[in-house]
Enquirer: 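Mind having a look at this structure? Questions to follow.
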Amino acid sequence: MCLSVIQTIILTEEDMKLESNRKRVSHALRASKLVVFPTETVYGIGANALSPIASKLIYQTKGRPSDNPLIVHIAHKEDVYKYIESASDAAVKLMHAFWPGPLTLIFKKNDVIPLETTGGLETIAIRLPRNDIARQIIIDSNLPIAAPSANLSGKPSSTAFKHVMEDFMGKVDIMIDGGQSEIGLESTVIDTTTIVPIILRPGFVTQAMIESVLGYSITDQSSTGPSGEVKSPGMKYTHYKPKGEVMIIDGSIEHMAAYVKDAEIKHPDKSIAVICEVEYIHDFTCKVRSLGSLNDQNEMANNLFSALRDMDEWGIDIIFIHHISTHGLGYAMMNRLIKASGYYIINV
Ligand code: AMP
Ligand code: MG
């Protein structure tokens, strides 16, 4: 289907203080139009979750496969009960511990939410964001807002306003500039429809944080490989991929430097770059994009999608990414990097 060019309105955080602008946003959402807005995780491309037309428009505009369900955003905890059959004890505990915040919970849906929004599933993913603009537009529109990450399907998620401009200028009605995303990684996704909750996507809220609230161990099914069975439809698609070939290099920095040097000699016609921690940027002779300091996982997470997008801006053919430590937030970062590489990991 060919989508026509739209005159996109850009609003700043300052603009959103004016009631007239906030009304523009809620009118657009109530008319099943698309609004790109900031959240604390990444930017979202939002629409009325109750409208099959609006949900279909999200899929068309992102180029997202129609079986990859959307996360529904709400502004008040008690609103969750409007859209679900029931909540397990674990779900209630997690809602109270982490909402508002970067945690998405999967429930059995009721009939209020159309199947178009859930990619045909009888379950629904719900999150209560803590970003003020996100909550404001949900409250103003008085609607649940379906909002996947605001990137064209397959591309890295958007963590800066320039990313959403690249992907959606002329394709959505309104874009709200909220500056750099606070966290920079998408939410943790937990299935609470099972007896013991399951992590489907790691994020800022880690397994250890969840287990300390629940008081028991849970399982993680987020690392299923490309051919494995998946519980979360989004996990089976290529994601976060720059145009160049991406490889994760696992080993000492000296061995990685030797491997990259060798590649530079073997491929003099190719543009090569490394993504690594700032402590190692002088170990390489090719172009290098720093993720930030080894000692600051929040900074690294915040830089991750920008670094992947920079590879396309720099016109890089071969991208070597240093395997980062998987403790804490590093586990979620590696989950995204492994997908960006198409599961291509080289041990050196
Ligand atoms: P995004 O909105 O782009 O961050 O992606 C949403 C993620 O949540 C995808 O990986 C989806 O597959 C996952 N998701 C959404 N709804 C469900 C659901 N009902 N069951 C399992 N996974 C879901
Ligand atoms: Mg996404």
Side-chain angles (χ1 to χ4, degrees), residues 1-10 25 28-29 31-39 41-73 104 113-121 124-127 129 134 137-138 143-178 181 184-187 189 200-201 203 230 232-243 304-306 308-309 312 336 339-340:
M1 153 164 320
C2 182
L3 295 165
S4 53
V5 178
I6 298 169
Q7 195 74 41
T8 303
I9 296 167
I10 293 177
V25 174
L29 289 168
S32 293
K33 305 271 176 61
L34 301 183
V35 175
V36 168
F37 63 97
T39 84
T41 56
V42 298
Y43 276 84
I45 175 168
N48 177 2
L50 303 177
S51 157
I53 294 170
S55 289
K56 277 189 191 157
L57 194 56
I58 294 180
Y59 286 101
Q60 284 164 6
T61 307
K62 273 187 63 111
R64 183 175 175 110
S66 60
D67 66 345
N68 188 359
L70 310 175
I71 294 175
V72 174
H73 294 68
T104 297
I113 296 285
L115 286 168
E116 283 80 359
T117 299
T118 61
L121 296 177
I124 178 172
I126 303 187
R127 182 165 100 82
I137 69 171
I138 301 166
L143 290 171
I145 300 296
S149 53
N151 51 279
L152 293 174
S153 191
K155 283 184 74 172
S157 303
S158 295
T159 52
F161 194 64
K162 78 169 193 174
H163 302 158
V164 296
M165 297 261 281
E166 271 161 29
D167 287 5
F168 295 114
M169 196 63 192
K171 295 179 185 160
V172 300
D173 271 69
I174 299 177
M175 297 204 291
I176 306 170
D177 182 351
S181 305
L185 286 182
E186 309 90 337
S187 58
V189 178
L200 301 182
R201 178 173 72 186
V230 290
S232 183
M235 286 159 56
K236 69 185 180 208
Y237 296 108
T238 312
H239 217 157
Y240 316 119
K241 229 192 123 357
K243 293 192 188 95
L304 194 102
F305 290 130
S306 288
L308 292 172
R309 280 183 178 251
D312 286 347
R336 310 306 193 268
K339 282 188 188 157

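Every heavy atom of this structure was used, including side-chain atoms; hydrogens, water molecules and symmetry mates were not.
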Enquirer: To the closest 0.5 Å, what do you measure between CD1 (Ile124) and CD1 (Ile126)?
Expert: 4.0 Å

Enquirer: Identify the heavy atoms of Ile58 and Ala146 that sit nearest to each other, and give their distance.
Expert: CD1-O, 3.4 Å

Enquirer: Are a donor atom and an acceptor atom from the side chains of Arg201 and Thr104 found within less than 3.5 Å of each other?
Expert: no

Enquirer: Does the pair Ile10 and Met165 meet the rule for a side-chain contact (heavy atoms from CB on, under 4.5 Å), with working shown?
Expert: CA-CA 10 Å; Ile10 293 177; Met165 297 261 281; 3.7 Å; yes

Enquirer: Can you tell me how far apart CZ (Phe168) and CG (Asp173) are? Round to the nearest 0.5 Å.
Expert: 13.5 Å

Enquirer: Any side chain to side chain donor-acceptor pair (under 3.5 Å) pairs touching residues 43-54, not counting sequence neighbours?
Expert: Ser32-Ser51

Enquirer: List for me each residue that meets side-chain hydrogen bond (donor to acceptor under 3.5 Å, both in side chains) alongside Asp167, sequence neighbours excluded, and say none if there are none.
Expert: Lys155, Arg309

Enquirer: Answer yes or no: is there a donor N or O on one side and an acceptor on the other, between the side chain of Lys62 and the main chain of Asn151, under 3.5 Å?
Expert: yes

Enquirer: So do the side chains of Ile6 and Lys33 get within less than 4.5 Å of each other, counting heavy atoms only?
Expert: no

Enquirer: Atom CD1 in Ile137, atom CZ in Phe37: separation rounded to 0.5 Å?
Expert: 4.5 Å

Enquirer: Between the main-chain N or O of Gly170 and the side-chain N or O of Thr8, is there a donor-acceptor pair closer than 3.5 Å?
Expert: yes

Enquirer: Restricting to non-hydrogen atoms, name the atom on Thr39 and the atom on Gly44 that form the minimum distance, rounded to 0.1 Å.
Expert: CG2-N, 4.4 Å

Enquirer: For a quick test of reading the model, state the closest non-hydrogen atom pair linking Ala49 to Ile113 and the distance between them.
Expert: O-CD1, 4.2 Å

Enquirer: Drop me the distance from Leu185's CG to Arg336's CZ, to the nearest 0.5 angstrom.
Expert: 5.5 Å

Enquirer: Which atoms form the tightest heavy-atom contact between Ser181 and Thr41, and what is the distance?
Expert: CB-O, 3.3 Å

Enquirer: Write down the atom of Pro148, the atom of Leu70, and the distance for their closest heavy-atom approach.
Expert: CG-CD2, 3.7 Å

Enquirer: Would you say that His163 contacts Ser306 through its side chain, given a criterion of any heavy-atom pair below 4.5 Å between the two side chains?
Expert: yes

Enquirer: Nearest 0.5 Å please: distance from the NZ atom of Lys56 over to the OG1 atom of Thr117.
Expert: 10.5 Å

Enquirer: Should we count CD1 of Ile53 as having more than 12 external heavy atoms under 6.0 Å?
Expert: no

Enquirer: What's the separation between atom CD1 in Ile145 and atom CG in Leu29, rounded to the nearest 0.5 Å?
Expert: 4.5 Å

Enquirer: Glu116 and Tyr59: which non-hydrogen atoms are nearest, and at how many Å?
Expert: O-CE1, 3.2 Å

Enquirer: Decide whether Glu186 and Ser157 meet the rule of one side-chain donor and one side-chain acceptor closer than 3.5 Å.
Expert: yes

